[in-house]
Amino acid sequence: MSGPNTNHDPVPVAALDPEAIEQAVQDALDACAGATDLAGLKSIRHSHQGDKSPLALANREIGGLPPGEKAEAGKRVGQARGRVAQAFKARQAELEAERDERILVEETLDLTVGTPHHRLGARHPISLVTERIEDIFVGMGWEIAEGPEIESEWLTFDALNIGKDHPARGEQDTFFVEPQDGGVILRTHTSPVQIRTMLERTPPIYVLCPGKVFRTDDLDATHTPVFHQFEGLVVDEGITMAHLRGALDTFVQGLFGEGIITRLRPNYFPFTEPSAEIDCRCWVCQGEDARCRTCGGTGWIELGGSGMVNRRVLASAGVDPDRYTGFAFGLGIERSLMLRHGVADMHDIIEGDVRFSSAFGMEI
Ligand code: PHE
C-alpha cells in the first residue's frame with residue numbers, strides 16, 4: 001500500500017483560478033455561438049473540449065492541489081466543462097436542424113413540373129398486328145418466309161394452277177409491270193412466297209408468309225389497292241384438314257380470344273382442293289345476338305380462304321404429291337385489324353395519321 005500523498009504542490013495554479021476558468025467557459029460559449037455550420041463547429045470543438053483545451057489542463061491540475069482544495073476546484077472545473085459540453089451539444093442540435101431543413105428545401109423534387117416532351121410517334125397498327133400474328137405461328141414452331149413484291153406471273157398464277165383465262169389475271173385485278181406481256185406483275189397475293197419456299201426447300205415445311213399485296217381496287221371504306229395478307233403453308237407427310245383446322249383455331253384464339261372456334265365452308269380456289277372459306281365465331285356476341293353489329297347477327301365472321309394444297313401445285317413446285325400433302329390458308333391483315341379493333345374506315349389505316357396510330361400504343 002502506498003502512503004498518503006503529502007508530496008503535493010502547495011502553490012495554487014493559475015489555470016485553476018476562477019476567473020481564468022470563467023474566461024475559458026466564456027471563450028468556448030462565444031466560439032460555439034459564432035459557429036455557423038457543422039463543419040465550423042467541429043473545427044473549434046477541439047480547442048475548447050480537447051485534451052489540450054484550457055479546461056482539460058485545469059482538470060489535470062486538480063490532482064496536484066492540497067487535499068482541502070481539491071473538492072472545490074473539482075466542482076468548479078467540472079461545472080465549467082459541463083456548461084461547455086452543454087453549449088456544444090445544443091449548438092450541434094441547432095445546426096443539424098438547420099441543415100436538415102435546408103436539405104428538405106434544396107432537394108425537393110417537384111414531380112408535377114412538366115419535362116421537355118419528346119413525341120415518340122407510334123408504330124403503325126398494321127405492323128403491330130402483323131407481329132402479333134407472326135408470334136402466334138412462331139409459337140407453334142413455324143417459320144416466317146418473305147418474298148418480292150414485284151413478282152413473276154408464273155409464280156403468282158401459273159404455278160398456283162390459275163389458268164390463263166382466270167379473271168384474276170386480267171387488268172381488272174392485276175397491276176402489270178411494263179411491258180405488259182413481260183411476265184412481271186405486282187403480286188396480288190402472297191401465295192408465290194409459298195411456291196418459292198417449296199422450290200427452295202424440301203418438306204417438312206411450316207411457314208407463314210406475311211406481306212404487302214396489290215390489286216387494282218379503288219380506295220374506299222373497305223378496299224385499298226395496297227394491302228397486307230398473311231398466308232400459311234404446311235407440307236409434310238400425312239397432313240390432313242384436321243391439321244388445318246387445329247392451326248386456324250389456335251390462330252383465332254391467339255388473336256381474338258380464348259374459346260373462339262372456326263368453321264369451314266366449302267368453296268373453290270384453283271390452288272387448293274378441297275377448298276374452304278374460314279369463318280370464326282363472333283367474339284362479341286358468341287352467336288347469341290341477332291342484332292350484333294360485328295357479325296351482322298349471323299354469329300360468324302368471314303376471315304379468308306383455305307384448303308388442302310392442290311396436287312398440281314405441289315407438283316409444279318417440285319414436291320412429290322404421292323408422298324406429301326399440305327394445307328394452305330390466306331387472310332387479310334387490314335381486315336383482321338378492322339375486326340379486332342373495330343376500325344370502321346380503311347382510310348384511317350392507310351393515311352398514316354399519328355393520332356390514329358398512337359391509340360394502339362407502342363405495344364411490341
Ligand atoms: N391466295 C388467296 C387469296 O389471296 C387466299 C388463299 C390462300 C386461299 C391459300 C386458299 C388457300 O385470295
Side-chain angles (χ1 to χ4, degrees), residues 130 133 137 142 144-149 151-163 166-170 172-175 185-198 205-217 222-236 239-249 251-252 262-280 301-317 319 321 324-337 339:
T130 304
I133 293 167
F137 287 94
W142 295 34
I144 307 297
E146 288 182 332
E149 290 163 8
E151 189 49 285
S152 80
E153 251 188 286
W154 188 83
L155 287 166
T156 312
F157 299 130
D158 301 85
L160 285 152
N161 196 35
I162 301 175
H166 194 282
R169 300 182 73 143
Q172 245 60 358
D173 253 330
T174 303
F175 287 110
I185 56 164
L186 300 187
R187 66 182 181 191
T188 56
H189 52 182
T190 48
S191 305
V193 185
Q194 308 184 1
I195 303 295
R196 286 173 176 274
T197 308
M198 288 191 277
I205 292 170
Y206 291 77
V207 287
L208 187 79
C209 319
K212 212 173 260 176
V213 300
F214 309 83
R215 289 186 197 170
T216 59
D217 286 324
T222 50
H223 295 88
T224 157
V226 182
F227 59 103
H228 300 77
Q229 272 193 336
F230 62 98
E231 296 203 9
L233 172 72
V234 166
V235 181
D236 204 344
I239 294 295
T240 70
M241 266 188 126
H243 297 111
L244 166 66
R245 188 70 187 277
L248 292 173
D249 279 351
F251 160 67
V252 294
T262 54
R263 173 176 83 169
L264 298 180
R265 274 184 296 122
N267 195 6
Y268 169 78
F269 298 107
F271 29 86
T272 44
E273 181 58 37
S275 303
E277 203 68 26
I278 311 161
D279 296 340
C280 81
I301 293 171
E302 267 184 48
L303 289 182
S306 66
M308 300 304 291
V309 183
N310 191 312
R311 288 176 63 86
R312 298 176 70 167
V313 173
L314 291 175
S316 58
V319 174
Y324 296 106
T325 49
F327 68 76
F329 58 84
L331 284 83
I333 295 181
E334 276 77 1
R335 184 167 161 74
S336 302
L337 175 69
L339 287 168

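In each ligand, atom 1 is the first atom listed, and ligand 1 is the first ligand listed.
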Could you label the plane-to-plane angle of the Tyr206 and Trp142 rings as parallel, tilted or perpendicular, counting under 30° as parallel and over 60° as perpendicular?
perpendicular
Mark up the atoms of ligand 1 that fall under 4.0 Å of a heavy atom belonging to Ser191, in ascending order.
1 (N)
Suppose we measure from atom 2 (C) of ligand 1 to each protein heavy atom; which comes out shortest, and what is that distance?
Phe271 CZ, 3.6 Å
Enter the distance from Leu244:CG to Phe329:CZ here, rounded to the nearest 0.5 Å.
7.5 Å
Ring center gap for Phe271 and His189 short of 6.0 angstrom:
yes
Could an N or O of ligand 1 be found under 3.5 Å from any N or O of His189, whether backbone or side chain?
yes
Protein residue, atom and distance nearest to atom 3 (C) of ligand 1, heavy-atom basis
Gln229 NE2, 3.6 Å
Relative to the heavy atoms of Phe329, which atoms of ligand 1 are at a distance of less than 4.0 Å?
7 (C), 9 (C), 11 (C)
Any chance you could measure His228, atom NE2, to Leu331, atom CG, to the nearest 0.5 Å?
15.0 Å
Under-4.0 Å heavy-atom contact with ligand 1, by part of Ser306 that carries it:
backbone
For atom 12 (O) of ligand 1, the closest protein heavy atom turns out to be Arg215 NH2, 3.7 Å
Does the side chain of Thr188 come within less than 4.5 Å of Asp173's, by heavy atoms?
no
Taking Arg169 first and then Glu153, would you say they form a salt bridge - that is, a charged N and a carboxylate O separated by under 4.0 Å?
yes
